[in-house]
Amino acid sequence: MSDDKFLIYGAYGYSGELIARLAVERGHRPVLGGRDPEKLGRLAQELGLEKRVFKLEDPRIIEGELAPFRAVLHCAGPFLHTYGKMSRACLATQTHYLDISGEASVFESLAARHQEATEAGIFILPGVGFDVVPTDCLALHLKERLPSATHLALGLKAMSRISRGTARTMAENLHRGGLVRQEGKLTPVPAAWKSRTIEFQAGRQSISVTIPWGDVATAFHSTGIPNIEVYAAMPSSSRFYLKLSRYLAPLLATAPVRAFVAGRAKGRPAGPNEQQRKQGKSLLWGEARDSNGQTVTSRLETPEGYTLTARTAVAILERVLSGEERVGFLTPAMAFGSDFISGIEGVGPFLDEE
């Protein structure tokens with residue numbers, strides 16, 4: 001296989017296409033993969049790239065398609081339904097596995113394959129996009145500032161629209177409620193379990209509620225901090241519907257309702273347009289404290305989430321293909337350090353407070 005040959009699977013999805021286009025701009029020639037020959041063909045023809053059409057159904061077919069590649073960037077969600085067969089095929093073919101998932105259960109399942117990945121000599125490196133690169137690096141930065149930390153709170157304020165795929169993933173998981181980490185264990189909690197006012201920017205506060213963001217999984221592996229909560233700034237209407245979902249969870253879990261909600265998500269625009277991406281940005285906040293009451297706080301400002309996803313995914317692919325020596329399951333911060341995010345175009349420095 002070529003040392004720099006990689007596959008982007010789900011390349012015609014909203015994030016996958018952004019990543020493919022940026023990879024070409026940076027001089028790469030990825031192979032595009034997916035299950036829809038028409039959508040994949042149009043994009044491959046426009047970018048002048050090779051394509052591979054296959055479904056994630058027969059393990060033997062997946063392994064045959066992956067065999068020529070040194071790495072695959074998996075962009076076809078919802079990842080809860082797709083990561084298993086793709087990651088198992090990567091283990092069989094000794095192909096580095098990366099994805100842009102943000103689902104805690106996916107991260108935990110992949111972490112359990114650390115030994116298999118080590119023996120295969122490959123990376124298993126999920127979450128190489130906005131979910132969760134900046135927050136993972138922020139978490140490790142806080143741990144480095146306060147090595148004795150026992151509690152970690154992270155917050156995000158995304159000032160842009162969400163894509164159709166993100167909406168579908170959120171809709172399919174709405175009935176699951178919230179998730180935090182307590183004393184080292186992932187712990188289910190009600191949706192919007194806690195709220196707090198967070199100052200994402202100096203003098204500007206936002207009401208935020210807990211969400212089951214992927215960092216309740218990844219930040220634990222990156223930092224070892226046993227108690228983790230993740231908050232998102234939301235308008236009052238969104239907070240209301242999240243709390244309402246606590247009582248509707250049994251109904252939301254039924255197949256007809258999930259199909260209906262997923263169908264509504266499919267009716268959304270594919271994602272923010274180029275102008276909206278340029279105008280958007282994301283604000284991140286983190287707080288670590290220890291058992292003695294010592295607290296440190298840091299903030300970070302990044303480009304709009306989908307723009308950042310493309311930039312971090314391509315940058316991580318480049319690092320993996322350059323011959324990074326570590327293998328096994330890794331989070332972005334474990335693999336590349338807390339300062340990795342600072343090297344991404346458009347990302348500001350960490351703003352630290354005691």
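Only heavy atoms go into these numbers, but all of them, side chains included; no hydrogens, no water, no symmetry mates. Starting from 1, each residue takes its place in the sequence as its number.
Taking both residues in full, the closest heavy atoms of Leu40 and Ala11 are given as CD1-CB, 4.4 Å, listed atom of the first, atom of the second, then distance. Of all heavy-atom pairs between Leu56 and Lys85, the closest is O-CD, 3.3 Å. Taking every heavy atom of both residues into account, Ala89 and Ile62 meet most closely at CB-CG2, 3.4 Å. Taking each heavy atom of Ser282 and Ala158 in turn, the nearest pair found is OG-CA, 4.3 Å. Summarising the geometry of Arg246 relative to Ala191, their closest heavy-atom pair is NE-O, 2.7 Å, with the distance given to 0.1 Å. For Thr82 against Gly77, the heavy-atom pair with the smallest separation is OG1-CA, 4.3 Å.
Here the side chain of Gln276 pairs a donor or acceptor atom with the backbone of Asn273 at under 3.5 angstrom. Counting only distance, with no hydrogens or angles, the side chain of Arg289 and the backbone of Gln294 share no donor-acceptor pair below 3.5 Å. Of the possible polar contacts, one joining the Tyr12 side chain to the Asp36 backbone as a donor-acceptor pair under 3.5 Å is found. Although no hydrogens or angles enter the test, the distance criterion places no donor-acceptor pair under 3.5 Å between the side chain of Tyr231 and the main chain of Thr197. A donor-acceptor pair is defined here as one N or O able to donate and one able to accept, closer than 3.5 Å; no such pair exists between the side chain of Asp339 and the backbone of Ser342.
The side-chain hydrogen bond (donor to acceptor under 3.5 Å, both in side chains) check on Glu38 picks up Arg42, with sequence neighbours excluded. For Arg52, the salt bridge (charged side-chain N to carboxylate O under 4.0 Å, His left out) partners at least two apart in sequence or on another chain are Glu50, Glu65. Remark: Thr297 pairs with no residue by the side-chain hydrogen bond (donor to acceptor under 3.5 Å, both in side chains) rule, at least two apart or across chains. Legend: residues meeting side-chain hydrogen bond (donor to acceptor under 3.5 Å, both in side chains) with Ser195, ordered by chain and number and at least two apart, are absent. Applying the salt bridge (charged side-chain N to carboxylate O under 4.0 Å, His left out) criterion to Arg88, with sequence neighbours excluded, gives no partner residue. Under the side-chain hydrogen bond (donor to acceptor under 3.5 Å, both in side chains) criterion, Arg35 pairs with no residue, sequence neighbours left out. Considering only residues two or more places apart in sequence or on other chains, Glu274 meets the salt bridge (charged side-chain N to carboxylate O under 4.0 Å, His left out) condition with Lys278. Every salt bridge (charged side-chain N to carboxylate O under 4.0 Å, His left out) that Glu46 has, sequence neighbours left out, goes to Arg21.
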Chi angles and distances behind the side-chain contact (heavy atoms from CB on, under 4.5 Å) call for Leu142, Val296: CA-CA 7 Å; Leu142 289 163; Val296 294; 4.0 Å; yes
Intermediate values then yes/no, side-chain contact (heavy atoms from CB on, under 4.5 Å), Arg181 and Asn227: CA-CA 5 Å; Arg181 192 174 287 271; Asn227 300 286; over 6 Å; no
Step-by-step ring-ring contact (aromatic ring centres under 6.0 Å, His included) determination, Phe69 to His96: CA-CA 9 Å; Phe69 298 101; His96 296 306; over 10 Å; no
Check against ring-ring contact (aromatic ring centres under 6.0 Å, His included), Phe123 and Tyr97: CA-CA 6 Å; Phe123 280 92; Tyr97 173 91; over 10 Å; no
Trace of the side-chain contact (heavy atoms from CB on, under 4.5 Å) decision for His74 with Phe79: CA-CA 9 Å; His74 181 43; Phe79 293 92; 3.7 Å; yes
Test log, rule side-chain contact (heavy atoms from CB on, under 4.5 Å), inputs Ser101 and Tyr83: CA-CA 9 Å; Ser101 172; Tyr83 83 98; over 6 Å; no
Donor-acceptor pairs under 3.5 angstrom involving side-chain atoms of residues 213-221: please list them, not counting sequence neighbours.
unit_1, atom_1, unit_2, atom_2, d
Trp213, NE1, Asp215, OD2, 2.9
Asp215, OD1, Thr135, OG1, 3.2
Asp215, OD1, Asp136, N, 3.4
Asp215, OD2, Thr135, OG1, 2.7
Thr218, OG1, Gly214, O, 3.3
His221, NE2, Glu108, OE2, 2.9

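Considering only heavy atoms from C-beta on, Ile316 comes within 4.5 Å of Leu98 through its side chain. Taking 4.5 Å as the limit, some side-chain heavy atom of Arg277 sits within range of a side-chain heavy atom of Glu304. Proximity of Gln205 to Ile198: side-chain heavy atoms (C-beta onward) are nowhere separated by under 4.5 Å. Leu22 is listed as a side-chain neighbour of Arg311, based on a closest heavy-atom distance under 4.5 Å. Using a 4.5 Å heavy-atom cutoff, the side chains of Ile225 and Thr150 are not in contact. Here the side chains of Leu242 and Met234 are in contact, with some heavy-atom distance below 4.5 Å. Cys75 is not listed as a side-chain neighbour of Asp99, based on a closest heavy-atom distance of 4.5 Å or more.
Judged purely by distance below 3.5 Å, without hydrogens or angles, the side chains of Ser206 and Ser208 never pair a donor atom with an acceptor atom. For the residue pair Ser298/Glu353, the side-chain donor-acceptor check at 3.5 Å is not satisfied. The closest side-chain donor-acceptor pair between His141 and Asp352 falls under 3.5 angstrom.
Both Ile61 and Leu7 sit in one connected hydrophobic cluster of ILVMFWY residues. Membership requires side-chain heavy atoms under 4.5 Å apart, directly or through other members. Under the 4.5 Å side-chain contact rule for hydrophobic residues, Leu308 and Val132 share a cluster. In terms of hydrophobic clustering, with Ile, Leu, Val, Met, Phe, Trp and Tyr side chains grouped at heavy-atom distances under 4.5 Å, Trp285 and Leu140 are assigned to different clusters.
Other residues, nucleotides and ligands place no more than 12 heavy atoms under 6.0 Å from the CD atom of Glu345. In Ile207, the CD1 atom is not crowded: 12 or fewer heavy atoms of neighbouring residues, nucleotides or ligands sit closer than 6.0 Å.
Clustering of Ile, Leu, Val, Met, Phe, Trp and Tyr by side-chain heavy atoms under 4.5 Å joins Val189 with Val180, Trp193.
For the pairing with Val128, the side chain to side chain contact (heavy atoms under 4.5 Å, CB included) check across Ile19, Ile100, Thr331, Thr312 returns one residue only, Ile100.
Aromatic rings of Phe130 and Tyr306 (six-membered ring for Trp) have centroids beyond the 6.0 Å cut-off, not under it. Aromatic rings of Phe329 and Phe107 (six-membered ring for Trp) have centroids beyond the 6.0 Å cut-off, not under it.
Applying the salt bridge (charged side-chain N to carboxylate O under 4.0 Å, His left out) definition to pairs two or more places apart or across chains, those involving residues 199-209 are Glu199-Arg299. The salt bridge (charged side-chain N to carboxylate O under 4.0 Å, His left out) pairs that include a residue from residues 183-197 are Lys194-Glu229, Arg196-Glu287, where partners are two or more places apart or lie in different chains.
We find the CD-CG distance between Glu116 and Leu110 to be 10.5 Å, quoted to the nearest 0.5 Å.
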